[in-house]
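Structure first, then comments.
Just so you know, these numbers come straight off a predicted model, no measurement behind them. Just so we're on the same page: letters track the sequence lines, and every chain starts at 1.
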Amino acid sequence: MKPFNNSINKLTSLSDALNTIFSEAFRTCGLDSEYGHVTISQRPDLSDYQCNGALAAAKGAKKNPRLIAQEIINIVKDNPIFTSLTIDGPGFINIKLSDQFLMNQAQLVCKGEYATLLSSNSKKKTIIDFGGPNIAKPMHVGHIRSTVIGDCLQRLFKFLGVPIHSDIHMGDWGTQMGMLICEVQSGFPNLPYFDANFEGPYPSESPVTISDLEEMYPKAATKCKSDEKEMLKAQQATVELQAGRKGYRALWQHFVNISVASLKEDFSQLDVTFDLWCGESHYHDQIPEMIKSLKQNNLAVISDEALVVPIEGENEQEIPPLMLVKSDGGYLYGTTDLATIQERVSDFGDELILYVVDKRQGLHFQQVFLAAHKTGIANSQIRMEHLAFGTVNGTDGKPFKTRAGGVMKLKDLISLAKNEAFKRIEEINGAEKYDENTKSDIANKVGLAALKYGDLMHDRQSDYIFDLSKFTRFEGKTGPYILYAAVRINSILTKAVEQKLAIGPITLLNGNERDLLLELCKFPDVILNAYTYRMPSYLCTFCFDLAQQLNRFYLQCHILKEQNKDLQSSWLGILQLCFFQLETTLYLLGIEIPDHM
RNA sequence: GCGCCCAUAGCUCAAUGGAUAGAGCAGCGGACUUCUAAUCCGCAGGUUGUAGGUUCGAGUCCUACUGGGCGCACCA
């Protein structure tokens, strides 16, 4: 056998490594190295990986694509990582990797030094903004998306060694706060918060509870919508709050405190954490200074009594200006967003800002990003991305509602998922061996897995149909299906350890496990793709494919009963690698694996 | 009116311009004295909304049309 001198000895994505080899070959042939692009094969019956560059290069080179393919193959064929290179069809290069190489690669893939996958200069200091929930308004189904997608991305960035911090960025500073103040005032006009002459101190106890707030919010909002006078009052109160009226600030602080406590409870249920709990109010004090400077530099101008930053898109595309100050003197969320960018860039030194926000706010972010760049608040080095996501619909295809037609609270949704999971667990064979506590612990993990996987598996940008009974099933592309596969192999591994069996090294002896090993070697590719496109769904697809491949293998090869000890330890090595990848992928999705199911 | 997005199997969704458009569910037919069958295998199911165009090659890119969703300065 040829020496393995051209092998790849550090953790890398396989298609990147192959790209390098083929790009070099194309360059040697005097062709553009871009043609050396290698992808995972679309014809697994013919190859592991494929390169289509010869087809694309043919016209420019005025050569038969098969001829080019042959030249390329001649250059790379001595590399021992290949077992065969063939030309098929009009000029596809089909690549089959050697077993030896796959085994070598498997060792690298399971070492797990994933923070080295990205070059250090590509790791920009990043902040991820969850486009926060509103104070006083309970989180609903829609919030599941930003929470779960944003959390997955922050885990993924950290896993790859990208410095990232997360900010919930609560909505605590808009007109809705004025509405609530007025609502409390109409119910309890005698509270000291409304007495402009009150000297303090204000009560330390909040006059309202979180459920009061949750009830008042929609009431106040409808009132303001239908009654212009109420709206004016609310807007006036908002302006006074923002201007620093003491009683309003004290009352507002109560709202914030009790809301944050409730939000933290919800997020801890979902196992999601934030580094920063800043709200829009946090940036308020910086706004006057920012506006002054923008006015001085003629970047903000008066239009219809409001202060705006005029902007234009590429190709002179007309885009409405970003409004900073309303004619009544109040600020808008675009104002806060701009001030927020200023702080993130100049105080924290962030170079990449990610916004995980509903896609319907696309225009808003387009305005904010353009304004930030135009005004120099963000220089050209700063990159801002709106990671837009679609809406959650019910099984009727329309925005998700409860049976009564109302908005479903996130809290209720979570317990619904957990209850559903509990029911399914009770139905299965052998459920009686678990006590109630164990069952409810399993149900919690399974329910959450169902919910998160059901969301994350869908393309981030598309709307999707929320079907809890489908998501909680144990069959098909669901969280529980994947958890079950993970639990089963974990149980075999535990038994193997108990029986003091050797785990690894991975050697391909039987051939049944080659497909599985190939799947495992795709892992770095998948991780990088999910990172590059900020797409949690790529992780979901991968762990489903892996779980299914694993189930196939599991049925074919009876590991613990295997008599050939070398084969057995290799299988166990593969199993351990599978578990590592399932566990890691699920961790990145924010899903925890129970001990039993 | 202007702009953005979407249309793929009965349903829910995949498919970095490449070969025979794939999964899951539902349907039908198989495989268990289980390392947890909560699994696996097979069959059936398609004019990729319509009409043109670009390309060696189009579900994918361009144009028009049809149907649906969303957004367009004093809410967030």
**Study point:** Lys/Arg-Asp/Glu bridge criterion (N-O < 4.0 Å) met for K229(A), D227(A)
**Key:** no
**Study point:** Heavy-atom closest pair, residues I95(A) and C51(A)
**Key:** CD1-N, 4.3 Å
Review point. How many Å lie between CG on D467(A) and P on C25(B), as a whole number?
Key: 14 Å
Practice item. Could you grab the distance from atom CG of L572(A) to atom SG of C578(A), nearest 0.5 Å is fine? Key: 11.0 Å
**Study point:** A9(B) and G52(B), which share atom name C1', separated by this distance in whole Å
**Key:** 27 Å
Check your understanding: Hey, is the side chain of Y35(A) poking within less than 4.0 Å of OP1 or OP2 on G17(B), counting only N and O atoms?
Key -> no
Practice item. Please measure how far the P atom in A73(B) lies from the corresponding atom in A7(B), and state the result in whole Å. Key: 28 Å
Review point. Has the side chain of N94(A) got a donor or acceptor that lies under 3.5 Å from a partner of the other kind on the base of A19(B)?
Key: yes
Check your understanding: What distance, rounded to whole Å, do you find between the two P atoms, one in C40(B) and one in C11(B)?
Key -> 25 Å
Exercise for review: Please state how far atom CD in Q42(A) lies from atom P in G59(B), giving the value in whole angstrom units.
Suggested key: 13 Å
Review point. Does a sphere of radius 6.0 Å around NZ in K63(A) hold more than 12 heavy atoms from other residues, nucleotides or ligands, not counting ones at 6.0 Å or beyond?
Key: no
Check your understanding: Is the count of non-hydrogen atoms from other residues, nucleotides or ligands lying under 6.0 Å from K295(A) atom NZ greater than 12?
Key -> no
**Study point:** From U12(B), A37(B), U20(B), nucleotide with atom closest to Y554(A) side chain
**Key:** A37(B)
Practice item. Have a look at N52(A) and say if it touches a base, only the backbone sugar-phosphate, or nothing, with a 4.0 Å heavy-atom cut-off. Key: base
Review point. Are the side chain of H143(A) and the backbone N or O of H140(A) linked by a donor-acceptor pair below 3.5 Å?
Key: yes
Revision key, fill the gap. Picking from C13(B), A37(B), G18(B), the nucleotide nearest the side-chain atoms of Q50(A) would be G18(B)
Practice item. Ignoring backbone atoms, test whether K561(A) places a side-chain nitrogen or oxygen under 4.0 Å from the OP1 or OP2 oxygen of C35(B). Key: yes
**Study point:** Upstream residue (5' side of RNA chain B) when D88(A) and C557(A) are each assigned their closest nucleotide
**Key:** D88(A)
Review point. Base, sugar-phosphate, or nothing for I465(A), non-hydrogen atoms under 4.0 angstrom?
Key: sugar-phosphate
Review point. Would H558(A) count as stacked on C35(B) if the rule is ring centres under 5.5 Å and plane angle under 30°?
Key: yes
**Study point:** Rounded distance in Å - CG (L555(A)) to P (U39(B))
**Key:** 12 Å
**Study point:** Stacked pair F92(A)-A19(B), distance under 5.5 Å, angle under 30°
**Key:** yes
Practice item. Would you indicate what K477(A) reaches in the nucleic acid, counting non-hydrogen atoms under 4.0 angstrom: base, sugar-phosphate, or nothing? Key: base
Practice item. Specify the separation, in whole Å, of atom CD1 of I319(A) and atom C1' of C2(B). Key: 12 Å
Check your understanding: Would the number of heavy atoms belonging to other residues, nucleotides or ligands and lying under 6.0 Å from CD of E34(A) be above 12?
Key -> no
Check your understanding: Contact class for R473(A) (heavy atom, under 4.0 Å): base, sugar-phosphate, or nothing?
Key -> sugar-phosphate
Check your understanding: In whole angstrom, what separates E475(A)'s CD from C41(B)'s P?
Key -> 15 Å
**Study point:** Pairwise P distance for C61(B) and U48(B), with rounding to whole Å
**Key:** 16 Å
**Study point:** Inter-nucleotide P distance (G30(B), U47(B)), Å rounded
**Key:** 30 Å
Exercise for review: Go ahead and write out RNA chain B as dot-bracket, 5' to 3': ( ) for pairs within the strand, [ ] for ones crossing earlier pairs, | when the partner sits on another strand, dots for unpaired; Watson-Crick or G-U wobble, both distances under 3.5 Å.
Suggested key: (((((.(..((((....[...)))).(((((.......))))).....(((((..]....)))))).)))))....
Point to revise | Test: R424(A) cationic atom under 6.0 Å from F474(A) six-membered ring centre, within 45° of axis | key: no
Practice item. Give a yes or no answer on whether the side chain of R460(A) reaches the backbone of R534(A) with a donor-acceptor pair at less than 3.5 Å. Key: yes
Review point. Which letter, B, S or -, goes with each nucleotide of nucleotides 66-76 of chain B from 5' to 3', with contact meaning a protein heavy atom under 4.0 Å?
Key: ----SSSBBSB
Check your understanding: How would you label the contact of D45(A) with the nucleic acid (heavy atoms, under 4.0 Å): base, sugar-phosphate, or nothing?
Key -> base
Review point. Is any side-chain nitrogen or oxygen of R488(A) closer than 4.0 Å to OP1 or OP2 of U39(B)?
Key: no
Practice item. Let me know the distance between CD1 of I503(A) and P of C35(B), rounded to the nearest Å. Key: 18 Å
**Study point:** Q499(A), CD atom: more than 12 neighbouring heavy atoms under 6.0 Å
**Key:** yes
Exercise for review: Let me know the distance between CG of N529(A) and P of A15(B), rounded to the nearest Å.
Suggested key: 11 Å
Check your understanding: The side chain of N551(A) lies closest to which of these nucleotides: C13(B), U39(B), A19(B)?
Key -> U39(B)
Exercise for review: Describe the nucleic acid contact of A496(A) in one word from base, sugar-phosphate, nothing, applying a heavy-atom distance below 4.0 Å.
Suggested key: nothing
**Study point:** Pairwise P distance, G24(B) and A64(B) [rounded to whole Å]
**Key:** 39 Å
Point to revise | Residue whose closest nucleotide on RNA chain B lies nearer the 5' end, Q461(A) versus F544(A) | key: Q461(A)
Exercise for review: Tell me what Y481(A) touches on the nucleic acid: a base, only sugar-phosphate, or nothing, going by heavy atoms under 4.0 Å.
Suggested key: sugar-phosphate
Point to revise | Atom-pair distance (CD on Q556(A); C1' on A37(B)), nearest Å | key: 16 Å
Check your understanding: Do K477(A)'s NZ or CZ and the ring of F544(A) fall within the cation-pi criteria of under 6.0 Å and 45°?
Key -> yes
Point to revise | Distance, P atom - from C41(B) to A26(B), rounded to whole angstrom | key: 15 Å
Point to revise | Side-chain (S41(A)) to main-chain (S47(A)) donor-acceptor, under 3.5 angstrom | key: yes
**Study point:** P-based separation of G59(B) from A51(B) [nearest Å]
**Key:** 13 Å
